[in-house]
Enquirer: 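Below you'll find the structure I mean.
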Protein chains: 2
Amino acid sequence: MAKRKVSLKDISIACGVSVATVSKALNDHHDIGQETKEHIRQVAESLGYRPNAAAQALKTNRTNNIGVLFVDEANSGLTHDYFNHVLNSFKNTAEENGFDITFINGGKARINNMSYLSHAIYRGFDGVVIACVDFFDPEVDELVKSSIPVVTIDHIFYNRIAVISDNVNGMRELTEYVCSQGHKKIAYVRGVESSVTQSRLASFYKTLQEHGIDIPDEYVVIAPYRDTDAAYEATNKLLNLQDPPTCIFYPDDFAALGGINAIRERGLKIPDDVSVVGYDGLEISSRLTPKMTTIVQDSEKIGKIAATKLIDLINNPKGTLIEQIVVKGTLEPGASVKKLN
Amino acid sequence: MAKRKVSLKDISIACGVSVATVSKALNDHHDIGQETKEHIRQVAESLGYRPNAAAQALKTNRTNNIGVLFVDEANSGLTHDYFNHVLNSFKNTAEENGFDITFINGGKARINNMSYLSHAIYRGFDGVVIACVDFFDPEVDELVKSSIPVVTIDHIFYNRIAVISDNVNGMRELTEYVCSQGHKKIAYVRGVESSVTQSRLASFYKTLQEHGIDIPDEYVVIAPYRDTDAAYEATNKLLNLQDPPTCIFYPDDFAALGGINAIRERGLKIPDDVSVVGYDGLEISSRLTPKMTTIVQDSEKIGKIAATKLIDLINNPKGTLIEQIVVKGTLEPGASVKKLN
DNA sequence: TCTCTGTACTTAATCGTTTTCGTGAAATCA
DNA sequence: TGATTTCACGAAAACGATTAAGTACAGAGA
């Protein structure tokens with residue numbers, strides 16, 4: 001199988017026609033005879049012909065390749081579970097439409113230290129999806145301002161299509177549920193600064209206020225997303241308060257594990273002594289005992305819509321509406337929250 | 001910023017030299033004057049020049065792009081946690097060496113239904129890494145037999161470089177540990193058929209035998225990897241036996257969650273009534289209470305070595321040794337296994 | 001019979017690079 | 001001073017595909 005790669009030229013020679021004819025036959029142009037077409041295709045097949053993406057890209061300015069930019073504060077990359085769920089769905093949808101996925105990040109480590117935009121131009125990505133990064137990074141800004149089709153996830157730039165999880169309503173539902181269970185001393189281990197955090201935090205406060213609940217400032221503590229150790233520390237801080245909360249919200253389901261450990265180490269029971277609430281709704285949350293109360297973000301839908309919209313944009317740059325699409329999550333009540341009387 | 005992409009030609013015009021000279025200056029060839037070089041580079045920079053990957057690939061037959069093939073039985077894709085840890089490390093190492101990562105799979109869904117090999121040829125991948133797939137798939141076979149540099153993970157083809165987690169010694173250590181804690185009635189919820197499963201299963205039996213422990217056939221039950229529901233069912237089956245085991249091995253830490261739930265639903269305590277053992281050693285295992293006894297697979301190292309070896313192979317196809325590299329895991333004892341007296 | 005219209009091709013340019021082979025001028029050597 | 005080497009650069013082909021424009025020929029229409 002060490003044969004040289006077969007090109008249009010090889011087929012043209014084998015068929016005794018010109019390269020142009022072969023190209024047109026393979027691309028089903030109308031000005032090639034039916035018999036010729038079939039013959040050419042047959043020969044192409046038997047020769048094991050495969051188009052050369054580089055040559056096609058060079059000529060057509062189309063790569064059928066989408067760039068993925070993802071950098072989070074912890075640099076968890078592909079191990080970031082919410083993101084990899086979104087990305088997996090994005091990838092599937094893209095592939096169904098004939099697009100491949102290539103990563104853009106890793107910029108800092110590269111030999112030829114390219115910016116995100118440079119990298120995107122270099123690879124000739126037809127479009128780019130940006131998720132979970134530090135959206136205030138000047139390199140991201142450069143990319144967002146470029147002429148490359150872009151879709152962002154969970155952050156809005158008003159000149160770009162954005163797909164965002166409904167953190168406002170999600171947090172509202174979650175908070176309302178906890179309130180409805182009779183909790184009044186509700187603490188929030190919030191994630192670090194980001195669009196997502198802002199939405200959730202604002203919604204958290206607003207909902208409490210609507211329910212006439214006032215919490216002390218010490219009830220809101222910062223811990224990075226997905227950081228069990230930080231959540232552990234934060235939880236200890238909360239439980240050490242003179243008037244500790246009866247329920248603790250965590251940045252996400254995974255970080256909540258750290259909190260759960262802190263609680264249990266003190267000999268406290270969940271939910272009898274302290275109730276616990278997560279966010280994300282990944283599979284793990286439903287497998288824990290007690291089952292975690294959380295918001296299931298529809299990562300499947302988010303990824304799918306992002307891909308669909310980006311591909312629309314690629315295929316019709318002028319005619320595609322710049323819009324912000326909000327994807328609803330669903331409240332998943334679990335035994336981790338106790339009903340107070 | 002909607003300027004047309006700038007090419008070598010633009011630079012050559014701006015500098016009043018030929019395209020060849022520009023190309024050579026940018027690639028630091030020796031036959032260009034120092035001053036000219038610097039001037040050209042400066043102009044290139046100021047014009048915002050970016051090389052065109054497609055043109056380069058076409059000319060040099062090098063894409064600096066590596067294909068990643070990953071398909072597991074459950075099609076979990078990027079959400080497969082062991083794999084995404086390996087891949088993340090692979091990706092980082094590849095990027096440090098100037099390579100990008102593009103996925104190969106998704107073949108079935110593609111418009112132009114390409115085989116894995118076709119896809120790899122089409123994209124002109126410099127090399128390919130294959131992990132966790134069904135290694136008996138004829139398409140995988142075709143790829144493995146091709147002339148493209150390949151590294152496989154957790155499965156050996158003897159004509160290819162392979163990086164594998166040391167499942168034999170891992171399972172030995174794990175089993176020995178459990179034996180050392182006094183367990184004799186040890187059950188194994190094993191994964192579905194694969195190289196990994198075979199190694200672990202064989203090692204499991206062998207180690208038990210060496211310790212003079214004989215277990216009934218019913219103690220070994222099949223459940224897919226990462227399938228909490230199946231592990232749940234399997235566990236119930238085991239606990240319903242007349243003489244139930246005192247310790248249960250699971251295919252991986254995540255699946256173990258299903259088993260844990262089954263155990264607790266019966267009002268049994270871990271580890272007092274039943275001990276539990278996982279595999280993988282992902283972060284979650286150390287955050288559970290009780291902490292899970294498991295083997296930490298060195299996914300970081302596996303990914304890194306796979307990338308390094310593949311890149312060696314790409315850069316020196318003839319001179320690189322075809323070898324099988326085994327990466328040791330480490331036993332992580334946890335409170336999930338009780339010491340019997 | 002002559003023109004016209006399709007049909008089915010071919011020719012040739014082009015995309016952006018890289019690289020081999022020249023070539024002229026300056027520098028070195030005898 | 002004449003021959004040779006070195007240096008710095010240019011011309012042109014090539015990678016594999018696409019596509020606008022041109023051409024040859026058969027049959028239709030007048």
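Throughout, a chain's letter reflects where its sequence line sits, starting with A, and its residues are numbered from 1.
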Enquirer: Any pair with a residue in residues 43-72 of chain B that passes salt bridge (Lys or Arg N to Asp or Glu O under 4.0 Å), sequence neighbours left out, goes on the list, sorted by first then second residue, please.
Expert: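 Listed once each, the pairs are Arg62(B)-Asp126(B).
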Enquirer: Quickly work out the Leu58(A) CG to dA14(D) P distance and round it to whole Å.
Expert: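 Result: 17 Å.
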Enquirer: Which atom pairs, one a donor and one an acceptor, fall under 3.5 Å between side chains of residues 18-29 of chain B and the rest of the protein, sequence neighbours left out?
Expert:
{"unit_1": "Ser18(B)", "atom_1": "OG", "unit_2": "Ala20(B)", "atom_2": "N", "d": "3.4"}
{"unit_1": "Ser18(B)", "atom_1": "OG", "unit_2": "Thr21(B)", "atom_2": "N", "d": "3.2"}
{"unit_1": "Ser18(B)", "atom_1": "OG", "unit_2": "Thr21(B)", "atom_2": "OG1", "d": "3.0"}
{"unit_1": "Lys24(B)", "atom_1": "NZ", "unit_2": "Asp31(B)", "atom_2": "OD2", "d": "3.3"}
{"unit_1": "Asn27(B)", "atom_1": "ND2", "unit_2": "Ser23(B)", "atom_2": "O", "d": "3.1"}
{"unit_1": "Asp28(B)", "atom_1": "OD1", "unit_2": "Lys37(B)", "atom_2": "NZ", "d": "3.0"}
{"unit_1": "Asp28(B)", "atom_1": "OD1", "unit_2": "Arg41(B)", "atom_2": "NH2", "d": "3.0"}

Enquirer: Rounded to the nearest angstrom, tell me the gap between atom CD1 in Ile40(B) and atom C1' in dA8(D).
Expert: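 Checked: the CD1 to C1' distance equals 11 Å.
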Enquirer: Please table the atom pairs, donor to acceptor, closer than 3.5 Å between any side-chain atom in residues 298-310 of chain A and protein atoms at least two apart or in another chain.
Expert:
{"unit_1": "Asp298(A)", "atom_1": "OD1", "unit_2": "Lys301(A)", "atom_2": "N", "d": "3.1"}
{"unit_1": "Thr308(A)", "atom_1": "OG1", "unit_2": "Lys304(A)", "atom_2": "O", "d": "2.7"}
{"unit_1": "Lys309(A)", "atom_1": "NZ", "unit_2": "Glu323(A)", "atom_2": "OE2", "d": "2.7"}

Enquirer: Which sits closer to the 5' end of DNA chain D, Gln34(B) or Asn61(B), going by the nucleotide each is nearest to?
Expert: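 Mapping each residue to its closest nucleotide by heavy atoms, the 5'-most match is Gln34(B).
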Enquirer: Applying a 4.0 Å non-hydrogen cut-off, can you work out what Arg62(B) is touching in the nucleic acid: base, sugar-phosphate, or nothing?
Expert: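 No contact.
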Enquirer: Given atom NZ of Lys37(B) and atom P of dC9(D), what is their separation to the nearest angstrom?
Expert: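 These atoms are roughly 10 Å apart.
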Enquirer: Asp28(A) CG to dC9(C) P: how many Å, rounded?
Expert: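 That distance rounds to 14 Å.
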Enquirer: Can you name the residues that form a ring-ring contact (aromatic ring centres under 6.0 Å, His included) with Phe157(B), not counting sequence neighbours?
Expert: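 Testing Phe157(B) for ring-ring contact (aromatic ring centres under 6.0 Å, His included), a comparison that skips the adjacent residues, returns Phe135(B), His155(B).
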Enquirer: Among Ile153(A), Thr152(A), Ile156(A), Val196(A), find the one that has a side chain to side chain contact (heavy atoms under 4.5 Å, CB included) with Ile164(A).
Expert: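 It is Ile156(A); the other options fail the test.
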Enquirer: Would you tabulate the pairs of protein nitrogen or oxygen atoms and nucleotide nitrogen or oxygen atoms of nucleotides 18-20 of chain C closer than 3.5 angstrom?
Expert:
{"unit_1": "dT18(C)", "atom_1": "OP1", "unit_2": "Gln56(B)", "atom_2": "OE1", "d": "3.2"}
{"unit_1": "dT18(C)", "atom_1": "OP2", "unit_2": "Ser23(B)", "atom_2": "OG", "d": "2.8"}
{"unit_1": "dT18(C)", "atom_1": "OP2", "unit_2": "Asn27(B)", "atom_2": "ND2", "d": "3.1"}

Enquirer: Please report, rounded to the nearest Å, how far the C1' atom of dT18(D) is from the CG atom of Asn52(A).
Expert: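 After rounding, the reported distance stands at 13 Å.
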Enquirer: With sequence neighbours excluded, what pairs up with His80(A) under the ring-ring contact (aromatic ring centres under 6.0 Å, His included) test?
Expert: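 ring-ring contact (aromatic ring centres under 6.0 Å, His included) check on His80(A) returns Phe70(A).
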Enquirer: Rounded to the nearest Å, what distance is computed from the CZ atom of residue Arg123(B) to the C1' atom of nucleotide dG16(D)?
Expert: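 From Arg123(B) CZ to dG16(D) C1': 15 Å.
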